[in-house]
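In what follows, a single structure is set out as C-alpha cells and then discussed.
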There are 2 protein chains.
Amino acid sequence: MEESWKTAHADLLAALSSQEMAGLFRCARRRCVARGAPVFEAGDDAGEIFIVSSGCIKLYQLSPGGKEIILWFAFPGEIFGVAESMRGVPREISAAGKIASEILAIDRKDFVEFLRSHPEAALRAIGILSARIRTLGSSLVELSADDVETRLVRLLLRFSAGSLRPPCSASRRPGEVCMNLDLTRTDMASLVGATRQTVTTMLVRLQRDGIVRAVGRHLHLPEPARLTLMCDRGVG
Amino acid sequence: MEESWKTAHADLLAALSSQEMAGLFRCARRRCVARGAPVFEAGDDAGEIFIVSSGCIKLYQLSPGGKEIILWFAFPGEIFGVAESMRGVPREISAAGKIASEILAIDRKDFVEFLRSHPEAALRAIGILSARIRTLGSSLVELSADDVETRLVRLLLRFSAGSLRPPCSASRRPGEVCMNLDLTRTDMASLVGATRQTVTTMLVRLQRDGIVRAVGRHLHLPEPARLTLMCDRGVG
DNA sequence: GAGCGGGTGTCGGCTGGCCGACACCTATGT
DNA sequence: ACATAGGTGTCGGCCAGCCGACACCCGCTC
C-alpha cells in the first residue's frame, strides 16, 4: 500500500507488462556510480538514456562562469538523460551520483525502437517530459518572482512532500514530515539560485522560528501547512 | 529554399504524410485570437492542445504575487498547451495572442489517439518537448548565474538568430541581423526576469555602444558575433 | 594524534537592480 | 482637435543578497 515513494516523473514503466519490461531491460547495461562520480558531462555524446535503479543521481548544469546549478535529482525508477538523447545533440547538462547508486543504461536506438513499438510507453514518456517542463517552468517563475526565503521553503516542502524515501526512524511529532534526503547547504543554494551563506542564514532563522527542526543530520518540518501558507501569500 | 523560419519546436508535422496530416486536421477547429485575447488561463480545464497557424501566441505564468513571467512564444507551426493536457491536470500557465492570430484546437483525446496510432509523430512530440526542456533549463541557469545585461543580450540573439520571420525590408549593413518580432521593453523584462526600467537602461547603453541599432520600431544587431562573444566570456 | 578536507555559522562592506515617481511621446479612436 | 492609453526614458533612494574572510566542528586517513 505504501506506493508514495514514486514521483510524478517515475511512472514510465508502470503501463508495461512485465514481459515488455523484460524486453526493454534485456538491452540495458547495469552500471555502478560511486558518490560524486560522473555519469555523463556536458559535451559528451548523448548515446544512451538511463534509469535509476538505486541511489540518487544529481542532474546539473554549469553556467559559463563555472557556477553549478542543480536542475533536479533522479530517484529510483526515474529516467534521465532523455532530452538531449532524443534530439541527437551532445549533452548540455551533467549527471553525477549524489550517493553511491546503480543505474541502467540503454542505447538510444534501442530506446527509440522500444518507444516506436510500444505506443503506450511513448505516451507515458510524453507525460513524464510534460511534468518536467512544468517543474522547470515553475522554478523559473519562482526564481524571478520570489525572494530566497520563499524559494527555500518551497524547496523544503517539495523534497518532503512526496516522501521520496521512507521517513526516518527518529521520533516525529504528529503531522511532522521528514526531509531525509540530506542536502548540504551548498546543494540547497544551488537548487534555489542563491549563495551558501544566504541559505545558512535563512535556515537558522527558520529554526529559531520553529518552522524547521534539526534532527540529527537532517531536517523535519513540524507544521507543513504553515509553510504552504507562507508560500502562497503574495497578493493577499 | 528559405526554410529557416521554422523553429526547433515546430517540426511536429514534418514527418507526416499529407494524408496523415489531413486526418489530424479533420478533428481540428480553427479559431481566431485577437491581440491580447486569452486562449486559456491558469485553472482552466486542459482539454485541448493547439497549433499556431498564423500570428504569435504568448505563453506566460503568473507568480503568486501577480507578476507576469513570459515562458516563451509559439510561432506558426508550433504546438502549445501540451504539457498540462497530456497529464490530465488543469492549466498552470496562460496563453494569449501577442498579435491577432489564428490557431487550430484539437481535443486531447483525439490528439492522444493520433499519437497512439502514429508512433513517428509521438517520437517527434518527444523531441519537441525535449527541446523545450533544454530551453527552460538553460533559462534557469542563466537567470541564476548571469546579470541582466548578459541575459538581455542572449535574448536579442535568440530572437534574431532563428529568423523566425522574414527580415525587415529596411536597409541592412552586411552581416547585420534583424530582430523584427517587436517586443516591448516590458515584454523583454518579463522574459528575462528583470524590471522594465532596468531593461530600458541597458538597451540605451547597448545602443550608445553601437551594439544594437534602432530601426524604426524594432532593433538590428550590427555585429552578432560580438554579442555571442559577450555572452560566452565568463571563466575566460 | 596530527593533519586535513568538507561542511557549517557569522560578520561587514558593497552594489546590482528593484521601486516609485514623473515627464514625454506616439497611436488610436471620437 | 482632444482625450485616453500604452509605450518609453530617467532619476534617486534603498535594500536583499552577493562576496570575501575567518573560525569552528566533525570525520577521515596516515
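Throughout, protein chains are lettered first and strands after them, A, B, ... in sequence-line order, and every chain is numbered starting at 1. Values reported hereafter were calculated over all heavy atoms of this structure, with side chains retained and with hydrogens, waters and symmetry mates removed.
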Checklist entry - Counting just side-chain N and O atoms, does Arg185(B) come under 4.0 Å of either OP1 or OP2 of dT8(D)? => result yes
Checklist entry - Within less than 4.0 Å of OP1 or OP2 of dG7(D), is there a side-chain N or O belonging to Thr184(B)? => result no
Checklist entry - Nearest to the side chain of Val204(A) - dG9(C), dT8(D), dC18(D)? => result dG9(C)
Checklist outcome for this item: Between Arg151(A) and Gly193(A) the two heavy atoms that sit nearest each other are NH2-O, 2.8 Å
Item to check | Donor-acceptor pair present, Arg217(B) side chain and dG7(D) base, under 3.5 Å | outcome: no
Next on the checklist: Tell me whether the rings of Phe75(A) and Phe159(A) are parallel (<30°), tilted (30 to 60°) or perpendicular (>60°).
Outcome noted: perpendicular
Next on the checklist: Tell me whether the side-chain N/O atoms of Thr195(A) come closer than 4.0 Å to OP1 or OP2 in dC18(D).
Outcome noted: yes
Next on the checklist: Please confirm whether the shortest side-chain N or O distance from Thr198(A) to OP1 or OP2 of dG17(D) is below 4.0 Å.
Outcome noted: no
Item to check | Arg29(B) atom CZ, over 12 foreign heavy atoms within 6.0 Å | outcome: yes
Next on the checklist: How many whole angstroms separate atom CZ of Arg196(B) from atom P of dA21(C)?
Outcome noted: 14 Å
Checklist outcome for this item: Whole-Å distance, Leu203(B) CG to dG7(D) P, equals 16 Å
Item to check | Any N/O donor-acceptor pair, Gln197(A) side-chain to dG17(D) base, under 3.5 Å | outcome: no
Next on the checklist: From CG of Leu143(A) over to C1' of dC18(C), roughly how many Å is that when rounded to an integer?
Outcome noted: 15 Å
